[in-house]
Amino acid sequence: MQQIAARFTSFAEAGGETTMIKMSGGQALMQALLREGVDTIFGYPGGAIMPAYDALYDFRDRLRHVLVRHEQGAAHAAEGYARITGRAGVCIATSGPGATNLVTGIADANMDSVPLVCITGQVGSFLLGTDAFQEADVIGITMPITKWNYQVTKASDIPHIIAKAFDIALNGRPGPVLIDITKDAQVEMHEYAWSDHPPVRYASLRVVPERRKLAQAAELINKAKSPLLLVGHGVLIAHAENETRQLIEKTGMPVASTLLGLSAVPTAHPLYVGMLGMHGNYGPNLLTNEADLIIGCGMRFDDRVTGKLQHYASKAKIIHIDVDPAEIGKLVHVDVGICADVREALTALLPLLEQRSHLQWLEKFKHCAQIEFEKVVTHDLHPGKGMLRMGEVIDQLSEKTAGDAVVVADVGQHQMFAARYYRFKQPHSYITSGGLGTMGFALPAAMGVAVADPRRPVLAVVGDGGFQMTIQELGTIAQEKLPVKIVVLNNSFLGMVRQWQELFFEKRYSFTHMQNPDFVKIADGYGIKGEAVVSREQLDAALQRMLAYPGPYLLNITVEEEANVFPMVPAGAGVHEVRLE
C-alpha cells in the first residue's frame, strides 16, 4: 500500500495524465480525499470502517488523523475546522452506533450552514437490510439533515462520489453531506484512473444578482431615513466583511449582527450597534420597529431574531440578500429579495448607493446603549462585591487577549455573555452552535479550530452542564497537545433553563441544579494543567497564567449561581418588548 501511495504522488507531479492502477476502495477513498485538498480527518475506527483505516495507515504522512473520544466529537471538531478555514471538515466513523453518534453534529452543521463531508462504514452490501451486527440505516436517518447523502456499494464509485460530496458541501449554501461505504466496497480491488476526478464541478451553478432587484434595493437604501443592516453567518461564509464595511461607511447606516454573524464587523466600529436576538442588545431589538428599512444579509430572520412575527419590523420595508432562495420570504414579507452570494451582491450594489449619513438615527442607538449600560452592563462587568459574574470574566478575557482570540462558546448563559462582552476585532472570531443550540459543542469544536489555525489563541468558553456532555474530549486535546484554553463558568446549574424557570415558572427549579465533580482533578487526570478560581481577587492572575501557558489549560471559575442574562426578549413576545430586568 505504501508503494501505491508513493506512485500516486509521482503521478500527480507528472502532470495528471490518465494512469490506471489497481487498488482497494479504502485506498481510493484516501486518494480521493487528498485530491480534494484534505489534510485532516477527525474520526474513530470500528469494524465496518476498518479497511478504510487500514488504507489510512499508509497515508498518515499526508493525512492527519485526530482520534476523538466519541463520534459526536468528530463531527463538532470537523465543524470547528470548517468554520475557521472555510473548507469542508471531514469526519469518519464506523457503522451502527458510530454513525448514529455523528447525527447531532451533522444536524448542527445543517442548521448553521457548515460544510462537512461525513464518511461512515457500513456492513457488507450482501447484509444490507438483514439487521446485521452494527447495521443502521444511516442514509434514512440523515436524509433530513444533510444536503445530500449516498451509499457506495462498489469501489469504482468512490472517486467521483467523494468529488461530488465536496462540491455539494461547499457550493451554494454550505452544509453537510454523508457518504456511507459498505465494507466490501472498501475491500474490493478495482482499476483506479487518475482522471476519474471530474474536471467539471457538479454544483458550480453561479446565481448572478438581478440588476433590476439591485436597482430596487439601491432606491430603497438611498431614500431611507432610518435604515438598519443586519449581518448574519452568510457574510462570514462569503468573506464579505470588507464589502459590508464599505456599505455601512458609504451609507452611514447602523449595523447589527445575529449571533452567528458576530465578528463580521469589528465591535469597536462606530456604526456597529450590537447583537440582535433574544439576548441581544437593547437598541437593535427595540429600534427594529422604528426602522423604515431593514436589510438582511446572509441571515435567516429566524425566531430568535424576530420574536413574534406579527410585531416584527412593523414600519419597515425589507431587503433580503441570501444565497438560498428558500430563505427569501420564508418567514417575513420581503419587498426586494436578492438571491446571490452576499459578497457578489454587495459588490454589485455598492456603486448604486449614494454617500449619506444618519446621525440622528444613530443617536437613538447610542441613547439605548446608555440605558443598557446603566441598567445591565455596569452590574455585569463591575458588580464590585459578591460572587464573580460571567460578564466580568469575559470582559477580562477580551482585554487580556486584545480581542484577537477565537472564542468557541458552548450553549447557555455563558454563550450569551461571551457574545455580548467579548470585543471582536477580526472575522471568524466567534464560533458557536446557533440554530440547533447543541450543548457539548464547544470543547470538540475548539479542537478543530486549534488543529486548523494554531496561530491564534483558542478559548473554549463552556458551562458546567455542556462541558460534561463532551468532557471526554480532554483526552483528545491531551493526546494531540492542542493549546486550547478551557474556561468553565461554573454556576452549578443548567443556567439558561434555570433563568427561564425563575422568570416564567415561579422559581420552580425542576432538575436544573447540578452536583459537579472537581474539574481540575479531571483535567489533571488527562495530564492537562488547571486551577480553580473562587474569588474576584484570584481572577486576574489566573487568567494571565492560563494565557501564558504554552499547552492546554483549564480554569474552573465559580460564578454567581442565580445570575440572569439581560436584555431578554421573552418567548412569544415582540422585539419591542425587550426586557432589561
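- Of the inter-residue distances, the one linking Leu262 atom CG with Leu276 atom CG reads 9.0 Å to the nearest 0.5 angstrom.
- Side-chain atoms of Lys147 do not come within 3.5 Å of backbone N or O of Pro174 as any donor-acceptor pair.
- The only member of Tyr57, Tyr44, Tyr53 that meets side chain to side chain donor-acceptor pair (under 3.5 Å) when paired with His65 is Tyr53.
- Using a 30° and 60° split on the angle between ring planes, Phe424 and Tyr422 fall in the tilted class, from 30° to 60°.
- Proximity of Leu229 to Cys297: side-chain heavy atoms (C-beta onward) are separated by under 4.5 Å at one or more points.
- By the 4.5 Å heavy-atom criterion applied to side chains, Leu116 and Leu178 are not counted as neighbours.
- Formation of a donor-acceptor pair under 3.5 Å by the His320 side chain with backbone atoms of Cys339 is not found in this model.
- The closest side-chain heavy-atom distance from Met23 to His190 is below 4.5 Å.
- Counting heavy atoms from C-beta outward, Val305 and Asp302 have side chains that approach closer than 4.5 Å.
- Looking only at distances, a side-chain donor or acceptor of Asp112 sits under 3.5 Å from a matching main-chain atom of Gly434.
- In this structure, Leu443 and Ile477 have side chains that are in contact, with non-hydrogen atoms separated by less than 4.5 Å.
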Might you work through the side-chain contact (heavy atoms from CB on, under 4.5 Å) test for Arg304 and Leu259, ending with a clear yes or no? CA-CA 9 Å; Arg304 286 295 170 106; Leu259 181 71; over 6 Å; no

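- The salt bridge (Lys or Arg N to Asp or Glu O under 4.0 Å) pairs that include a residue from residues 438-457 are Asp453-Arg455, where partners are two or more places apart or lie in different chains.
- Looking at residues two or more places apart in sequence or on another chain, you find no salt bridge (Lys or Arg N to Asp or Glu O under 4.0 Å) involving Arg69.
- Here Arg211 pairs with nothing under the salt bridge (Lys or Arg N to Asp or Glu O under 4.0 Å) rule; sequence neighbours left out.
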Could you go through Val342 and Val323, starting from their C-alpha distance and side-chain angles, then the distance that decides it, and tell me whether this counts as side-chain contact (heavy atoms from CB on, under 4.5 Å)? CA-CA 7 Å; Val342 172; Val323 75; over 6 Å; no

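- Using modelled atom types, one finds a donor on one side chain and an acceptor on the other under 3.5 Å when comparing Asn516 with Gln468.
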Walk me through whether Met469 and His70 qualify under side-chain contact (heavy atoms from CB on, under 4.5 Å). CA-CA 11 Å; Met469 289 191 173; His70 188 283; over 6 Å; no

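- Counting heavy atoms from C-beta on, the side chains of Leu482 and Val451 come closer than 4.5 Å.
- The salt bridge (Lys or Arg N to Asp or Glu O under 4.0 Å) contacts involving residues 181-190 comprise nothing, where partners must be two or more places apart or lie in separate chains.
- Counting heavy atoms from C-beta on, the side chains of Leu260 and Thr432 come closer than 4.5 Å.
- The backbone N or O of Thr104 sits nowhere less than 3.5 Å from a side-chain atom of Gln72 that would complete a donor-acceptor pair.
- The side-chain hydrogen bond (donor to acceptor under 3.5 Å, both in side chains) check on Ser113 picks up Arg173, with sequence neighbours excluded.
- Annotation: salt bridge (Lys or Arg N to Asp or Glu O under 4.0 Å) contacts of Asp404 (sequence neighbours excluded): none.
- A donor-acceptor pair under 3.5 Å links the side-chain atoms of Arg87 to the main chain of Gly37, judged by distance alone.
- Counting only residues at least two apart or on different chains, the side-chain hydrogen bond (donor to acceptor under 3.5 Å, both in side chains) pairs with a member in residues 129-143 are Thr142-Asn149.
- In this structure, Ile49 and Gln186 have side chains that are in contact, with non-hydrogen atoms separated by less than 4.5 Å.
- Among residues at least two apart or in separate chains, salt bridge (Lys or Arg N to Asp or Glu O under 4.0 Å) pairs with a member in residues 471-489 are Arg64-Glu480.
- The distance from atom CG of Leu459 to atom OH of Tyr553, rounded to the nearest 0.5 Å, is 14.0 Å.
- Residue Ala52 comes nearest to Leu29 through the heavy atom pair CB-CD2, 4.0 Å, listed as atom of the first residue, atom of the second, then distance.
- Within the structure, every pair that satisfies the ring pair (Phe, Tyr, Trp, His ring centres under 6.0 Å) test and touches residues 96-152, not counting sequence neighbours, is listed here: Trp148-Tyr150.
- The distance from the CG atom of Asp39 to the CZ atom of Arg62 is 12.5 Å, given to the nearest 0.5 Å.
- Closest of all the heavy-atom pairs between Ile141 and Ile145 is O-CG1, 4.4 Å.
- For Gln122 (side chain) and Ala136 (main-chain N/O), a donor-acceptor pair under 3.5 Å exists by modelled atom type.
- Judged as a ring pair (Phe, Tyr, Trp, His ring centres under 6.0 Å), the pairs with a partner in residues 443-489 (not counting sequence neighbours) are, in order, Phe467-Phe519.
- Under the 3.5 Å distance criterion, the side-chain polar atoms of Gln415 are matched with a main-chain donor or acceptor of Ser433.
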Criterion side-chain contact (heavy atoms from CB on, under 4.5 Å) on Leu102 and Val138, from CA distance to verdict: CA-CA 10 Å; Leu102 290 176; Val138 68; over 6 Å; no

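- Judged by distance alone, the side chain of Asn101 and the main-chain N or O of Pro97 form a donor-acceptor pair under 3.5 Å.
- For residues 71-104, the ring pair (Phe, Tyr, Trp, His ring centres under 6.0 Å) pairs, not counting sequence neighbours, are His76-Phe441.
- Considering only residues two or more places apart in sequence or on other chains, Lys330 meets the salt bridge (Lys or Arg N to Asp or Glu O under 4.0 Å) condition with Glu327.
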